[in-house]
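Scroll down for the structure; my scribbles are underneath it.
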Number of protein chains: 2
Amino acid sequence: MDEHTDQTRKPRADAVRNRERVLEAAKAVFNAGGPEASLEAVAKRAGVGIGTLYRHFPTREDLFEAVYRREVEQLSEFAEQLKNAKDPVDALRRWLCSGVEFVATKKGMVAALALAVQSGSELHAFSFERLTKAIGSLLDRAAAAGAMRADVSPEDLLRAFFGMCYMHDQPGWQSSVLRMLDVFVDGLRVQPVVKAKVRAAAKPAKPAAKRKR
Amino acid sequence: MDEHTDQTRKPRADAVRNRERVLEAAKAVFNAGGPEASLEAVAKRAGVGIGTLYRHFPTREDLFEAVYRREVEQLSEFAEQLKNAKDPVDALRRWLCSGVEFVATKKGMVAALALAVQSGSELHAFSFERLTKAIGSLLDRAAAAGAMRADVSPEDLLRAFFGMCYMHDQPGWQSSVLRMLDVFVDGLRVQPVVKAKVRAAAKPAKPAAKRKR
DNA sequence: TTGTTAAGCGGAGGCTCCCTCCGTATCTTC
DNA sequence: GAAGATACGGAGGGAGCCTCCGCTTAACAA
């Protein structure tokens, strides 16, 4: 805030402008061509040199994160809203569906998810944390209400979700994923007595379901 | 038409030898470095020119398929054996678990799965068909026994499975996937009365039963 | 205004990998 | 053997990645 005490210069106008341009170009290019798109194409579209792109976003991941930060936030906020839904299980289901919607709309969104899911690094903690918390709150509420098993972590769910969306470039993927998520959420429900018994016998070797959260 | 005397010459010895060498090298390289590994590295390891590699396996996918054909077959046969299991739902569960095992053992196996799942092309029909049939038989049996919902296609399941395995390079992925599969299979079970009603309109087989709930 | 200076710029260049093409070498057959 | 068919290797052109560094330009001070 106070710029006289600390010796920081005002950031250069061209730098700010270029950063914005790159972001915009990246958004367009990634949404169209997916996360594998050429960074040189992004630079060209932005009308800057490749060096400039790399200075602003040293890695492809940095760029992804910057581009999809808003989307992640939206998704996260939507989870917040769903906290007030009556049926907590259905809330989760709806959140997942809207996630699918995101992926469908913005092809590059998968990149953001991949990032959130795959890299445990500090750098990209943002997306991961936001989404984990979003899911976590939904899961917790459902579990607290006794409507859902409690041995599944938000991370697990996030990964499963991402995994299913990963096939987002095949025909019919969307309805397939929705169907699978439906099944999945059903599986998450707390099972009625009879089945609980059956299941207990049915799965002998499952490594300790460690619950963290 | 004319001279059918001996249409097929004996294949050249060096060609056969080289093909084998490439396969072996590819197996090693893919298992170690994953499906993205450089094909030139494979050629070098095999001690052949890059051209030779490409002649035998025109695409990366062809190579994957050749390398993991055996694994796919094993997986497929295991499904056959499971047909005799008492509990059909548990059979499915066990099959999926063994799939996870495969992925864990052979890093490149994901490539084979990706292939089977992603490319609808005729060329790579082999893995896809084998696995689809394998899953299909398990699903059918369970559905016939009335133990499992019938609106999930083998393709769906295969994709979901692959998706979950896709994160196979993170710490703890294996137990996470096992947990998720467990949930998933639970979701596949035919639900008790109350829910069964909701789902009464479920469609039988493969095509995207666009169920809306 | 003008000068100083650091921040920022661009893109050449070195690298890896992809895949094709074709002159040469080798194997099979007669 | 000789003739042909078949296979071999790797050069080469293309595309991307990323780094590096000389030049440009905006911010600030005088």
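Keep in mind the model is a prediction, meaning the values are calculated, not measured.
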Using ring pair (Phe, Tyr, Trp, His ring centres under 6.0 Å) as the criterion, list what pairs up with B:Phe162, not counting sequence neighbours.
B:Tyr166

Please give, in whole Å, the distance from [N] [atom2] to [X] [atom1]?
{"X": "B:Glu61", "N": "C:dC19", "atom1": "CD", "atom2": "P", "result": "9 Å"}
{"X": "A:Phe57", "N": "C:dG8", "atom1": "CZ", "atom2": "P", "result": "13 Å"}
{"X": "A:Tyr54", "N": "C:dG14", "atom1": "OH", "atom2": "P", "result": "18 Å"}
{"X": "B:Arg9", "N": "D:dA5", "atom1": "CZ", "atom2": "P", "result": "8 Å"}
{"X": "A:His56", "N": "C:dA7", "atom1": "NE2", "atom2": "P", "result": "14 Å"}
{"X": "B:Arg17", "N": "C:dA25", "atom1": "CZ", "atom2": "P", "result": "17 Å"}
{"X": "B:Arg19", "N": "C:dC27", "atom1": "CZ", "atom2": "C1'", "result": "19 Å"}

Quick one: do the A:Tyr68 and A:Asn31 side chains pair a donor with an acceptor below 3.5 Å?
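Yes, A:Asn31 and A:Tyr68 have a side-chain donor paired with an acceptor closer than 3.5 Å.
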
Looking only at heavy atoms, which two atoms of B:Ala134 and B:Ser76 are closest? And how far apart?
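Closest heavy-atom pair between B:Ala134 and B:Ser76: CB-CA, 4.1 Å.
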
What protein N or O atoms touch nucleotides 22-24 of chain D N or O atoms at under 3.5 angstrom, if any, and at what distances?
none

Kindly compute the distance separating OG (B:Ser127) from CZ (B:Arg69), expressed to the nearest 0.5 Å.
7.0 Å

Could you measure the distance from the CD atom of B:Glu80 to the CG atom of B:Leu138? Nearest 0.5 Å is fine.
9.0 Å

Would you classify A:Pro11 as touching base, sugar-phosphate or nothing, given that sugar-phosphate means primed atoms plus P, OP1 and OP2, and contacts are heavy atoms under 4.0 Å?
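Result for A:Pro11 = sugar-phosphate.
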
Contacts of B:Asp14 and B:Glu36 projected onto DNA chain C by closest heavy atom; the upstream (5') one is B:Glu36

Under 4.0 Å from OP1 or OP2 of C:dC18: is there any side-chain N or O of B:Arg60 that close?
yes

Take the C1' atoms of the five end pairs on each side of the helix from C:dT1-D:dA30 to C:dC30-D:dG1, get both axes, and report the angle to 10 degrees.
0°

Can you name the side chain to side chain donor-acceptor pair (under 3.5 Å) partners of B:Lys106, sequence neighbours left out?
B:Glu71

For nucleotides 9-15 of chain D, 5' to 3', base contacts (B), sugar-phosphate-only contacts (S) and non-contacts (-) with protein non-hydrogen atoms under 4.0 Å give BBB----

Any side-chain heavy-atom pair from A:Phe128 and A:Glu155 closer than 4.5 angstrom?
yes

Can you tell whether the side chains of A:Asp186 and A:Arg93 come within less than 4.0 Å, N to carboxylate O?
yes

Report the C-alpha distance between B:Tyr54 and B:Thr59 in whole Å, list the side-chain angles of each, state the deciding distance to 0.1 Å, and finish with yes or no for side-chain contact (heavy atoms from CB on, under 4.5 Å).
CA-CA 7 Å; B:Tyr54 273 96; B:Thr59 73; over 6 Å; no

Who passes side chain to side chain contact (heavy atoms under 4.5 Å, CB included) against B:Asp140, sequence neighbours left out?
none

Tell me, yes or no, whether the heavy-atom count around A:Glu24 atom CD, taken from other residues, nucleotides or ligands under 6.0 Å, exceeds 12.
no

